[in-house]
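Down below is the structure, laid out as structure tokens.
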Amino acid sequence: MERPTDNDNEPQLPATLIEALKAEDQPTALITSRADRALEAQAAAHFAARRSTARDWRPAWYAAAAAAAVALLLVVPREPSINEGIGAQDVFYADVDASGRIDIADVLAVARSGRATQPDIDAFAARVVTLSPPGTAR
Amino acid sequence: MNIARLIVVVVAALLPLAAPAQGNLRFTSVDVYIDSATPFAAWQFELSDRGNSAMLVVGVENGASPAFDRAPYYDRQAVQTGTADRIVVADYSLAQAGDLPAGRVRIATVHLAFSGATEPDIELRLVTAVDADGRVADAAISFESPAGSAQ
Amino acid sequence: MHRADAMDRQSDEELVRLCNVGSADEAEAAFGSLYRRHRDFVLRVALRYVSDNDSALDAVQETFSYLLRKFPPGGAGLTLTARLTTLLYPVAKNNAISLQRKAARSGNADQDPDELPSAADRSNDERDVLSLLAGLPADRRELVTLRFVDDMSLQDIATALGLPLGTVKSRLHAAIADLRKLPQVKEFFEN
């Protein structure tokens, strides 16, 4: 059998045969828009961890204002809060509508009250939808 | 923590990250609908599998209403790490009452992967749906999937 | 849409870079571009090995899920050392073969499970999609398809199949010699 040596001697097929082969190989199925959207949703979930928290949306002056607020807190004594020691988003995590359950309706109530920033609302909602560890009661 | 407990903790942590064998995954999706007599401003549902299809949620999309036009809230970390064998999905809208949806509305599409012999036997529970004032809406939840199954 | 158009003009290398280190929006858009660019190729590969469209679509989705897991978070990141289709080909092929075999075992496929070839030679799972190549041994049919239908370079074929370059050259040469003898393609060589 003749041994090929390099690409210059690479055997070729007639162009018409290549054309015919490609025509035969055309897919008989179509990628549905549902399949496209499924991959998009998967990618959105996968890369979501790269979304930073509050930093991205806050305007440039926010850092200075936050620093001033912290300075004020250090200088001015304040009443101890029942939420002392809890993270900022936990302040809002409560059964606001007294339904017996903390759910998205409570998030809506906090959002409508204007008391919380968007990151705090997002954090509240994220806690509402967090899956409990397996084996625990729902 | 003794060695035995440490081993159990480590194995339990690793198990969810073990991907199914290549070529064993099938995919499907579920369109979730709320049918509400009154306009609703927030909703929350839980979707799980009654059967043993080894279902995992791989993505969630928003639905058809302009009042809820961004991706809803769900446990993204669980989805990313392949541990979401059920999902809680929720969203709220601050749209004006006149712009809130009513009637039968697709609120989300949940994309699923499964490796069992049969497709997931979907169990869908409406946790809550409320109007702009936080009153519980007279609403029902249902789903459709491309395989034809529906509830 | 503007972002998608801009992304679609980027090279695979740049899109992979954005998937590795870009922001969430950049990575999503870049992955979307990679998917749109290569999904038809993956589908064509899948359809060479599965007998139903749903399985082909599942193979496509699983292939791109595999690609997605290469990128952080969760993955170490991807370094392209060859064309992306070179990486996607064996993944798509193996996914499709596994799905077809699983379907056959559960009795859902057109194919009689007893007629399935042994697990030792996966290339024999290829269906006779290309009737013009019917009669060619499966491994040679695969080489001809990769070279002349998928336009893969010999080096890319070697990488995709895990073979030395010299082996690919030699087998392709033999494949074309066999092809010339097939009655259904003789007229192409004579014209």
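In what follows, chains are A, B, ... by sequence order, proteins preceding strands, each numbered from 1. These figures come from a predicted structure and were not determined experimentally.
Of the two parts of B:Ala132, the backbone and the side chain both hold a non-hydrogen atom closer than 4.5 Å to a non-hydrogen atom of chain A. Both the backbone and the side chain of A:Ala38 have a heavy atom closer than 4.5 Å to some heavy atom of chain B. With a threshold of 4.5 angstrom between heavy atoms, B:Ala84 approaches chain A through its backbone and through its side chain. Only the side chain of B:Ala78 comes within less than 4.5 Å of a heavy atom in chain A; its backbone stays farther off. Both the backbone and the side chain of A:Asp122 come within less than 4.5 Å of a heavy atom of chain B. For a residue to count as touching a neighbouring chain, one of its non-hydrogen atoms must lie under 4.5 Å from one of that chain's; by this rule A:Val107 touches chain B with the side chain only. Interface residue B:Val79: only side-chain heavy atoms are found under 4.5 Å from chain A.
Separating the OG1 atom in A:Thr130 from the CZ atom in B:Arg76 is a distance of 12.0 Å, to the nearest 0.5 Å. Taking CD of A:Gln42 as the reference point, atom CZ of B:Phe27 lies at 5.5 Å (rounded to 0.5 Å).
For the pair B:Asp31 and A:Arg34, the salt-bridge criterion is met [side-chain N within less than 4.0 Å of a carboxylate O].
The side chain to side chain donor-acceptor pair (under 3.5 Å) check on B:Asp91 picks up B:Arg70, with sequence neighbours excluded. A:Asp36 meets the side chain to side chain donor-acceptor pair (under 3.5 Å) test with C:Tyr35, C:Arg39; sequence neighbours excluded. Shown here are the side chain to side chain contact (heavy atoms under 4.5 Å, CB included) partners of A:Ala20, two or more places apart in sequence or in another chain: C:Leu132, C:Phe188.
No side-chain heavy atom of A:Leu39 sits under 4.5 Å from any side-chain heavy atom of B:His111. At least one side-chain heavy atom of A:Leu108 sits under 4.5 Å from a side-chain heavy atom of B:Leu94.
The two residues B:Gln80 and A:Ala45 make their nearest non-hydrogen contact at NE2-O, 2.8 Å. The heavy-atom pair separating A:Asp103 from B:Gln44 by the smallest distance is CB-OE1, 3.3 Å. Of all heavy-atom pairs between B:Tyr92 and A:Ile121, the closest is OH-CG2, 3.3 Å.
No donor-acceptor pair under 3.5 Å is formed between the side chain of A:Arg37 and the backbone N or O of B:Thr109.
Contacts between residues 59-69 of chain B and chain A, defined by a heavy-atom separation under 4.5 Å, are made by B:Gly59, B:Val60, B:Glu61.
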- Task: List the steps and the verdict of side chain to side chain contact (heavy atoms under 4.5 Å, CB included) for B:Tyr74 and A:Leu131.
- Result: CA-CA 9 Å; B:Tyr74 63 96; A:Leu131 301 177; over 6 Å; no
